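Just so you know, these numbers use all the heavy atoms, side chains as well, and skip hydrogens, waters and symmetry mates. Just so you know, these numbers come straight off a predicted model, no measurement behind them. Counting convention: from 1, in listed order, for ligands and their atoms alike.
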Amino acid sequence: MSELTELTAAEAAAKLRAREIDATELFEAYRARAEADELNAFTWVADAAPEPVADTPLGGVPVAVKDLFCTEGVPSQAGSRILEGYRPPYTATVVANVTAAGAPLLGKTNQDEFAMGSSNENSGFGPVLNPWDRTRVPGGSSGGSAAAVAAGLAPWAIGTDTGGSVRQPAALCGIVGIKPTYGACSRWGMIAFASSLDQAGPLTRNVTDGALLLSHMVGHDPRDSTSVSLPEPVRLPTAQDLAGIRLGVPEELIAGDGEDGTGIEPGVRQSFEATLSLAERLGATVDTCRLPHAPHALSAYYLIAPAEASANLARFDGVRYGLRVDGDADLETMYSHTRKAGFGPEVKRRIMLGTYALSSGYYDAYYGTALKVRTKISEDFRTAFGQFDFVVTPTSPWTAFELGAKTDDPLAMYLNDFCTVPMPLAGIPAISIPSGLSDGLPVGFQLAGPAFSESRLIDAAYALEQAIGFDGDEVRR
Ligand code: GLN
């Protein structure tokens, strides 16, 4: 790595503001690295550095953006062949916000098609490789964003999290991922998967970078009626300890040993427990807590998310965006030929599942029940936060698995999300930080807090991060 790309994003921003380094040189250094990407992390890379803009808070530190975000005039394909070649006429609010703050677009990153997946193998543009071991997946669905940051092909990146898609790939690639409170980031211009769950979030080398990027992403947007202003700006973290912090470990989410495909695998558990001990040494108290309905989160999620997706994806019909495959007869044949050719198998599976769950006669039994479970999960968290500041779990039950290992078994793939889906169902924020290595592969530690607790959550994660001292340098060379 060059000296420029060794800097964290926050360090680079400070040096740019102090005019100690040059924005065009920094952009070019990353552009060259992204251009030479061997991980298939990028689906598009800018061909030149933009004109530097003076006096912005981020000073010109480039950002990689998941392909799910619309970016004006730049391919925005959401990992799907049905959007091949689609160049939107506008830019998503979150991307516009960070660009205005001085983070120009470096490139668009690969992802699972319409963000449906946990391994990036559902991309219409090929899988992404994990920089820690290229025979393994980077996680998903923001796998391209995670791999790009972990490998030092981008200083930082933006992804989206519906059921874990920022936190889980961050965990599998040894970086930091934040899923903010639902509504903190505008969803305008984000290609919709499950609208009641989707949130944008930063993927970064460390917690400080995560806080800095998030602070420029958030904000109420009149074009997204579900967006809200955070009660206070996202602060950069400073905490050195966890004095007085009460951590709750939900017994329902950490049961099992991974042997039968459920539960936490031993290396992940070891790293999780070591992190809990470290937290205690930093002054935290650690106790078991209960989230009685959390084991049903996965079932509820895999009804609610496909139900919403089946409605959201109805707009891809060959008329308005991207691909069109003409039928020889009528309009309806054109729709069905286009959708047949354009959508991949996982997307088709979810449209079928969601349409079924919403059909008259089954609506109450499936979708209605899932919504009730969702309410119970929110109540569980509310009760837990009466006694605890944060709930902590491993982010993913496993470390990065071999490419192809779970592609034939969708249910095994869905189990990846066991510890990450309860939080978006409850709309609450969560962060994943690297807690160490297991057999040479990164393990993620997750902290979740009440709605709008971003700054406190980030502070706690920062104190832990300093104590853990995880080093991801070896994969950034
Ligand atoms: N892996 C989950 C899914 O396939 C979560 C994806 C996401 O957060 N976008 O739906």
At less than 4.0 angstrom from any non-hydrogen atom of S141, what atoms of ligand 1 do you find?
9 (N)
Got S123 and N40 here, is their nearest side-chain heavy-atom distance under 4.5 Å?
no
Are M190 and V94 close enough that some pair of their side-chain heavy atoms sits under 4.5 Å apart?
no
So do the side chains of E265 and T399 get within less than 4.5 Å of each other, counting heavy atoms only?
yes
M116 heavy atoms within 4.0 Å reach ligand 1 at atoms 4 (O)
Nearest protein heavy-atom contact for atom 2 (C) of ligand 1: which residue, which atom, what distance?
D417 OD2, 3.1 Å
So is E346 touching ligand 1 or not, going by heavy atoms under 4.0 Å?
no
Does the side chain of V249 come within less than 4.5 Å of I254's, by heavy atoms?
yes
In ligand 1, which numbered atoms sit nearer than 4.0 Å to a non-hydrogen atom of A115?
6 (C), 7 (C), 9 (N)
What I want to know is whether T162 and ligand 1 share at least one N or O pair that is separated by under 3.5 angstrom.
yes
Would G117 count as being in polar contact with ligand 1, using the rule that some N or O on each side must be under 3.5 angstrom apart?
yes
Does K406 qualify as a cation-pi partner of F401, given the criterion of NZ or CZ under 6.0 Å from the six-membered ring centre and within 45 degrees of its axis?
yes
Under 3.5 Å between any N/O of F193 and any N/O of ligand 1: does that happen in this structure?
no
Quick look: R350 vs ligand 1, heavy-atom contacts under 4.0 Å, and the answer is side chain
Exactly one candidate in T226, T93, D198 meets side chain to side chain donor-acceptor pair (under 3.5 Å) with R187; the answer is T226
Is any side-chain heavy atom of Y86 closer than 4.5 Å to one of P75?
no
Ion pair check, D380 and R290, cut-off under 4.0 Å:
no
A student checking ligand 1 against G163 at a 4.0 Å heavy-atom cut-off should list atoms 5 (C), 7 (C), 8 (O)
Would you mind checking which non-hydrogen protein atom is closest to atom 3 (C) of ligand 1, with the distance to 0.1 Å?
Y302 OH, 3.2 Å
Please indicate whether any nitrogen or oxygen in G164 is less than 3.5 Å from any nitrogen or oxygen in ligand 1.
yes
How far is atom 6 (C) of ligand 1 from the closest protein heavy atom, and which atom is that?
S165 OG, 2.8 Å
Quick one: nearest non-hydrogen protein atom to atom 10 (O) of ligand 1, plus distance?
Y301 OH, 2.6 Å
Are F193 and F114 near enough that their ring centres are under 6.0 Å apart?
no
